[in-house]
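A quick write-up on the structure given underneath.
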Amino acid sequence: MSSTSNDILGNVFFNESALSIAPNLLGCKIFRRYKDNTVKGFTITEVEAYGGEEDLACHASKGITERTSIMYKSGGYLYVYLIYGMHWMLNIVSGAEGSPQAVLIRGLAECYGPGRLTKLLAIDKSFNGRHLGELEDLWIEKAQHNYKYNAGPRIGVNYAGEYWSNVPWRFWIDQNNQKGF
DNA sequence: GTAAGGATTGGC
DNA sequence: CCAATCCTTACT
């Protein structure tokens with residue numbers, strides 16, 4: 001089973017809203033070419049959508065700053081930032097230019113946890129602001145089929161208030177109801 | 001300039 | 001349960 005360039009997700013995919021992209025990323029494989037030239041692929045199993053200045057859980061709710069400006073770009077850019085002084089978070093900017101949205105990659109089949117998976121993928125601040133379409137060392141290939149998934153509140157955003165801390169914008173593959181997973 | 005706090009994790 | 005740890009943001 002070989003991959004073709006047609007399987008690689010590009011601008012057409014990422015320019016949709018974060019909310020619609022997020023579940024479609026489930027089952028996609030994120031590939032990394034490491035410095036020693038080895039290539040490994042990991043299946044995305046959990047994501048979260050962040051979108052719009054009105055989303056109080058989204059960093060862009062504070063408006064455009066040096067940190068959040070990347071989210072105002074068109075889809076396909078990477079938003080990578082450090083949290084709690086030690087963990088890199090990997091986000092894919094979504095939506096059209098001027099609409100600050102992003103999808104956080106929270107889990108892989110091979111590695112659960114947003115901080116853990118960036119360590120596995122060797123992703124740090126050097127990836128912030130890069131565009132997926134320009135990268136030879138990181139790309140995402142589309143899922144082979146649609147997966148059944150669950151949705152629930154996002155993690156770690158209790159500060160965002162009653163409504164925004166409870167919107168079901170976290171999506172994960174339903175492993176108990178998945179044939180052949 | 002300074003202070004407060006966080007899209008988490010792992011160790012006690 | 002709670003400390004680690006440092007960057008970004010918002011200012012007594």
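In what follows, chains are A, B, ... by sequence order, proteins preceding strands, each numbered from 1.
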_Gap between atoms CD1 and P, on A:Ile123 and B:dA7 respectively (whole Å)_ = 19 Å

*B:dA7 C1' sits how many Å from A:Leu56 CG, rounded?*
14 Å

*Measure from the side-chain heavy atoms of A:Leu82 and tell me the nearest of C:dT9, C:dC6, B:dA7.*
C:dC6

*For A:Arg106 and B:dT8, is the shortest distance between a side-chain N/O and OP1 or OP2 below 4.0 Å?*
yes

*asked:* Need to verify one output field. Residue with the more 5' nearest nucleotide on DNA chain B, A:Gly113 or A:Ile83?
replied: A:Ile83

_Do the side chains of A:Lys119 and A:Asp124 get close enough for a salt bridge, i.e. N-O under 4.0 angstrom?_
no

*Roughly how many Å is it from CZ in A:Arg154 to P in B:dT8, rounded to a whole number?*
12 Å

*Quick one: do A:Ile83 and A:Ile70 end up in the same hydrophobic cluster if we chain Ile, Leu, Val, Met, Phe, Trp and Tyr together by side-chain heavy atoms under 4.5 Å apart?*
yes

*To the side chain of A:Glu66, which of B:dA7, B:dT8, C:dT9 is closest?*
C:dT9

*The side chain of A:Arg116 lies closest to which of these nucleotides: B:dT9, C:dT9, C:dC7?*
B:dT9

*asked:* Classify A:Arg67 by what it touches in the nucleic acid, base, sugar-phosphate, or nothing, heavy-atom distance under 4.0 Å.
replied: sugar-phosphate

*State which of C:dA4, B:dG10, C:dT8 makes the closest approach to the side chain of A:Met86.*
C:dA4

*Please give, in whole Å, the distance from B:dT9 C1' to A:Tyr112 OH?*
12 Å

*Considering only atom P, compute the distance from C:dT5 to B:dT2 and round it to an integer number of Å.*
22 Å

*What is the distance from CH2 of A:Trp88 to P of B:dT9, rounded to the nearest Å?*
15 Å

*Selection from C:dT5, C:dT9, B:dA7 that lies nearest to any side-chain heavy atom of A:His59*: B:dA7

*Answer with base, sugar-phosphate or nothing: what part of the nucleic acid does A:Leu104 contact at a heavy-atom distance below 4.0 Å?*
base

_Need the pair for B:dA7. Rule: Watson-Crick or G-U wobble, both distances under 3.5 Å, any strand; none if unpaired._
none

_Under 3.5 Å on both distances, the Watson-Crick or G-U partner of C:dT5_ = none

*Can a donor-acceptor pair be found between the side chains of A:Glu46 and A:Tyr149 at a distance below 3.5 Å?*
no

*Roughly how many Å is it from OH in A:Tyr79 to C1' in C:dC7, rounded to a whole number?*
11 Å

_Main-chain N/O of A:Glu141 paired with A:Asp7 side-chain donor or acceptor, under 3.5 Å_ = no

*Syn or anti for B:dA7, with syn set at within 90° of 0?*
syn

*Of all the choices, B:dA7, C:dT9, B:dT9, which nucleotide is nearest to the side chain of A:Tyr81 once you look at every atom?*
B:dA7

*A:Lys125 or A:His87, whichever maps to the more 5' nucleotide of DNA chain C*: A:His87

*For A:Met89, which contact category applies under a 4.0 Å heavy-atom criterion: base, sugar-phosphate, or nothing?*
sugar-phosphate

*Rounded to whole angstrom units, what separation is found between the CD1 atom of A:Ile64 and the P atom of C:dA10?*
13 Å

*Does OP1 or OP2 of B:dA7 have a side-chain N or O of A:Tyr159 closer than 4.0 Å?*
yes

*Protein-nucleotide distance (A:Asn91, atom CG; B:dA7, atom C1'), rounded to Å*: 7 Å

*Would you call A:Tyr50 and A:Arg154 a side-chain contact if the rule is heavy atoms closer than 4.5 Å?*
yes

_Looking at A:Lys119, I'd like to know whether one of its side-chain N or O atoms comes within less than 4.0 Å of OP1 or OP2 on B:dG10._
no

*Parallel, tilted or perpendicular for A:Trp139 and A:Phe31, by the 30°/60° rule?*
parallel

